[in-house]
**Student:** 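Submitted below is the structure of interest, expressed as structure tokens.
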Amino acid sequence: MSIDLVRLNTLQQQYATKIIQHDTDKTLSPRYIAGGDVGFEAQGTIARAAMVIVTWPELKLLEYQVARVPVTLPYIPGYLSFRECPALEAVWHMLTIKPDLLFIDGQGIAHPRGLGVASHFGLFADVPTIGVAKSRLCGQYTKLAPEAGSVVDLCYQGQVIGAVLRSKVRCNPLFVSVGHKISTASALIWTQQCLRGYRLPEPTRWADAVASHRPSFERWLAQQ
DNA sequence: GCGACAG
DNA sequence: ATCTTGTCGC
């Protein structure tokens, strides 16, 4: 069976028109913020999605869920969301608490057709969503200052599609972009407000800790 | 044709 | 993403 990339491409263009790139909630003051991350197991045949709920502004871990779903598509740059969304949708349904803001590991609109995983899933969840990727998919940006907090625009075809943020000194920058129902400015501000001394914002960092059984998560489990 | 290419 | 120990640097 071959993969119909032409059809997926068409779907992306269709979904991209539905992405809201402004603040739906002008005065967003979330009670709960979620973080989502996807990993793979069993030789890449199973997608494992982890999602956490943290409180704002404490950013304390409140809930976590993990879902395992059979993989249906290989990794193809530009089509990541079709590979990871099924697992993300599965964990989403398992959540007891629904967030007011969501962080997804990967690009939002900083994608060739404006539909990275964060935007694709944000459309499904219908919640303000921010995409935070650890590397670039597309777009150009100028040299970033070495200090933590330095930021530059991520541009693509004459448009600002996101921000490149050095969240921590001596670390590669983060690529922040609009997922859904939020503006580029707010996506950057909320990402900065969720930083607590590490390269990744807390929601994403916790999701990764849960998915990878990091010692920080094991310690949290022990004192529950 | 050649290089780039989220996770 | 994942396979994986130690190791260099702050």
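Lettering follows sequence order; numbering is per chain, from 1.
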**Student:** Against the six-membered ring of A/Tyr15, is A/Arg113 placed for a cation-pi contact (under 6.0 Å from the centre, within 45° of the normal)?
**Tutor:**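 No cation-pi geometry.
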**Student:** Within 45 degrees of the ring normal and closer than 6.0 Å to the centroid, is that where the cationic atom of A/Lys98 sits relative to A/Trp92?
**Tutor:**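 The answer is yes, since A/Lys98 meets both limits relative to A/Trp92.
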**Student:** Is there side-chain contact between A/Thr45 and A/Pro70, with heavy atoms separated by less than 4.5 Å?
**Tutor:**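 Not in contact.
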**Student:** Base, sugar-phosphate alone, or nothing: which one does A/Val169 contact when heavy atoms must sit under 4.0 Å apart?
**Tutor:**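 A/Val169: no heavy atom of the nucleic acid under 4.0 Å.
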**Student:** Provide, to the nearest angstrom, the distance between the CG atom belonging to A/Asn172 and the C1' atom belonging to B/dA6.
**Tutor:**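 Spelled out: CG on A/Asn172 to C1' on B/dA6 is 14 Å.
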**Student:** Taking only N and O in the side chain of A/Ser81, is any of them less than 4.0 Å away from OP1 or OP2 of B/dA6?
**Tutor:**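 For B/dA6, OP1/OP2 do not have a side-chain N/O of A/Ser81 under 4.0 Å.
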**Student:** For the pair made of CZ in A/Arg136 and P in B/dG3, what is the distance, rounded to whole Å?
**Tutor:**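 Whole-Å distance recorded here is 16 Å.
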**Student:** Give me the ring orientation class for A/Phe217 and A/His213: parallel if the planes are under 30° apart, tilted from 30 to 60°, perpendicular past 60°.
**Tutor:**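 Judged by the thresholds at 30° and 60°, the geometry between A/Phe217 and A/His213 is tilted.
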**Student:** Return the value, rounded to whole Å, for the distance between atom CZ of A/Arg83 and atom C1' of B/dC5.
**Tutor:**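 One finds 15 Å between C1' of B/dC5 and CZ of A/Arg83, rounded.
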**Student:** Does the ring-ring contact (aromatic ring centres under 6.0 Å, His included) test come out yes or no for A/His120 and A/Phe82, once each step is laid out?
**Tutor:** CA-CA 9 Å; A/His120 190 153; A/Phe82 295 104; 5.2 Å; yes
**Student:** Counting C-beta onward and ignoring hydrogens, is there a side-chain heavy-atom pair between A/Lys181 and A/Val127 closer than 4.5 Å?
**Tutor:**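 No. Closest side-chain heavy atoms not under 4.5 Å.
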**Student:** Classify A/Tyr79 by what it touches in the nucleic acid, base, sugar-phosphate, or nothing, heavy-atom distance under 4.0 Å.
**Tutor:**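 The residue A/Tyr79 makes base contact.
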**Student:** Using whole Å, what does the distance between atom P of nucleotide B/dA6 and atom CG of A/Leu137 come to?
**Tutor:**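 From A/Leu137 CG to B/dA6 P: 5 Å.
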**Student:** Quickly work out the A/Leu154 CG to B/dA6 C1' distance and round it to whole Å.
**Tutor:**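 In whole Å, B/dA6 C1' lies 12 Å from A/Leu154 CG.
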**Student:** Using whole Å, what does the distance between atom C1' of nucleotide B/dA4 and atom OH of A/Tyr75 come to?
**Tutor:**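 These atoms are roughly 11 Å apart.
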**Student:** Rounded to whole angstrom units, what separation is found between the CG atom of A/Leu200 and the C1' atom of B/dG7?
**Tutor:**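 After rounding, the gap between these two atoms is 13 Å.
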**Student:** Report the distance from atom CZ of A/Arg113 to atom P of B/dA6, rounded to the nearest whole Å.
**Tutor:**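 Atom-to-atom, A/Arg113 to B/dA6, this comes out as 13 Å.
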**Student:** For nucleotides 1-3 of chain C, tabulate all protein N/O to nucleotide N/O atom pairs closer than 3.5 Å, reporting atom names and distance.
**Tutor:**
residue : atom : partner : partner atom : Å
C/dT2   : OP1  : A/Phe40 : N            : 3.4

**Student:** Regarding A/Gly78, tell me which of base, sugar-phosphate or nothing describes its non-hydrogen contacts under 4.0 Å with the strands shown.
**Tutor:**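 Base contact - A/Gly78 has a heavy atom under 4.0 Å of at least one base atom.
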**Student:** Could you measure the distance from the CZ atom of A/Arg166 to the CG atom of A/Leu144? Nearest 0.5 Å is fine.
**Tutor:**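 Going from CZ on A/Arg166 over to CG on A/Leu144, the span is 4.5 Å.
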